[in-house]
Amino acid sequence: MRQPEQAIVVAPSAGTRVGNVEFLALSRDSPRFNLSIITMAPGRAGPSAHVHDDEDDAFYVLDGELVFVVDDEDVAAPAGTFVLVPPGVLHTFVNRTNTPVRILNIHAPAGFDRRLLSVE
């Protein structure tokens, strides 16, 4: 994979969008990770519980509060909470509040964007 020869700068709200996910760092930018902002509407659930075989899935709650379900345990995650889900751990998340939630999401290595973009 060819690496960019200059810095990648993404203006506010100018990332690559797939539904409620805005990708800021794509696999074409770096094979090492994807970075996105996920906005969760009030009362909405994330993806069904799943496991990544070869990826770390990291979350930082920017605004609001999510509940992460990790190995069938509910974990409250208000703004400022960091959650790292290593490969092989069953997980999902849900916004059980009446306000939107924004989270920063990092997948390492890259590839998550390609899976979502291929569904569009």
Side-chain angles (χ1 to χ4, degrees):
M1 171 180 293
R2 182 181 151 99
Q3 291 295 300
E5 296 175 7
Q6 60 188 22
I8 303 296
V9 178
V10 180
S13 300
T16 301
R17 290 196 173 272
V18 179
N20 65 329
V21 179
E22 179 187 9
F23 284 100
L24 304 175
L26 297 162
S27 296
R28 69 176 182 238
D29 302 327
S30 171
R32 292 178 291 281
F33 73 100
N34 290 137
L35 180 111
S36 62
I37 301 287
I38 301 172
T39 303
M40 298 282 300
R44 294 296 303 262
S48 38
H50 60 284
V51 170
H52 299 287
D53 293 331
D54 298 317
E55 294 173 21
D56 287 309
D57 199 357
F59 304 88
Y60 182 77
V61 181
L62 298 167
D63 301 306
E65 180 174 329
L66 280 181
V67 172
F68 282 85
V69 183
V70 182
D71 282 335
D72 293 326
E73 179 183 337
D74 286 6
V75 178
T81 301
F82 175 74
V83 176
L84 175 60
V85 182
V89 175
L90 184 69
H91 65 286
T92 189
F93 46 90
V94 61
N95 179 358
R96 295 182 180 155
T97 72
N98 59 3
T99 59
V101 175
R102 289 181 54 236
I103 58 176
L104 184 71
N105 180 225
I106 299 170
H107 278 257
F112 178 59
D113 61 327
R114 290 187 177 135
R115 290 194 303 275
L116 282 191
L117 289 166
S118 70
V119 203
E120 267 197 328

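Along the sequence shown, residues are numbered consecutively beginning with 1.
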**Q** Answer with yes or no whether the hydrophobic clustering places Val70 together with Ile103; edges join I, L, V, M, F, W, Y residues whose side-chain heavy atoms lie under 4.5 Å apart.
**A** yes
**Q** Does Leu104 form a side chain to side chain contact (heavy atoms under 4.5 Å, CB included) with Ile37? I'd like the steps, not just the answer.
**A** CA-CA 5 Å; Leu104 184 71; Ile37 301 287; 3.6 Å; yes
**Q** Tell me if a side-chain donor or acceptor on Asn95 pairs with a main-chain N or O of Ala41 at a distance below 3.5 Å.
**A** yes
**Q** Looking at residues at least two apart in the chain, or sitting in another chain, which of them share a side chain to side chain contact (heavy atoms under 4.5 Å, CB included) with Asp63?
**A** Arg102
**Q** Between Asn105 and Phe112, is the side chain to side chain contact (heavy atoms under 4.5 Å, CB included) condition met? List the steps.
**A** CA-CA 10 Å; Asn105 180 225; Phe112 178 59; 4.0 Å; yes
**Q** Heavy atoms, side chains only, cut-off 4.5 Å: are Glu55 and Pro109 in contact?
**A** yes
**Q** Mind listing the side-chain donor-acceptor pairs of residues 78-93 below 3.5 Å, one per line with the distance, residues two or more places apart or on another chain?
**A**
from  : atom 1 : to    : atom 2 : distance (Å)
Thr81 : OG1    : Pro78 : O      : 2.7
His91 : ND1    : His50 : O      : 3.1
His91 : ND1    : Val89 : O      : 2.9
His91 : NE2    : His50 : NE2    : 3.2
His91 : NE2    : Asp57 : OD2    : 3.0
Thr92 : OG1    : Pro47 : O      : 2.3

**Q** Supply the atom-to-atom distance His107 NE2 to Phe23 CZ, rounded to the nearest 0.5 angstrom.
**A** 7.0 Å
**Q** If you count heavy atoms of other groups shown closer than 6.0 angstrom to CG of Asp54, is the number above 12?
**A** no
**Q** Within the structure provided, determine whether Asp113 and Thr16 are in side-chain contact (heavy-atom separation under 4.5 Å).
**A** no
**Q** Do Phe33 and Val10 belong to the same hydrophobic cluster, where Ile, Leu, Val, Met, Phe, Trp and Tyr are linked whenever their side-chain heavy atoms lie under 4.5 Å apart, directly or via other members?
**A** yes
**Q** Among the clusters formed by ILVMFWY side chains lying less than 4.5 Å apart, do Val67 and Tyr60 turn up in the same one?
**A** no
**Q** Keeping Ser36 on the side-chain end and Ile38 on the backbone end, is there a donor-acceptor pair under 3.5 Å?
**A** no
**Q** Any donor-acceptor pair under 3.5 Å linking the side chain of Asn34 with the backbone of Gly111?
**A** yes
**Q** Mind checking side-chain hydrogen bond (donor to acceptor under 3.5 Å, both in side chains) for Glu22 and listing every partner two or more places apart, or none if nothing turns up?
**A** Arg17
**Q** Taking a hydrophobic cluster as the set of Ile, Leu, Val, Met, Phe, Trp and Tyr residues connected by side-chain heavy atoms closer than 4.5 Å, whether directly or through intermediates, do Ile8 and Ile106 fall within one such cluster?
**A** yes
**Q** Mind checking the CE-OG1 spacing from Met40 to Thr97? Nearest 0.5 Å is all I need.
**A** 9.5 Å
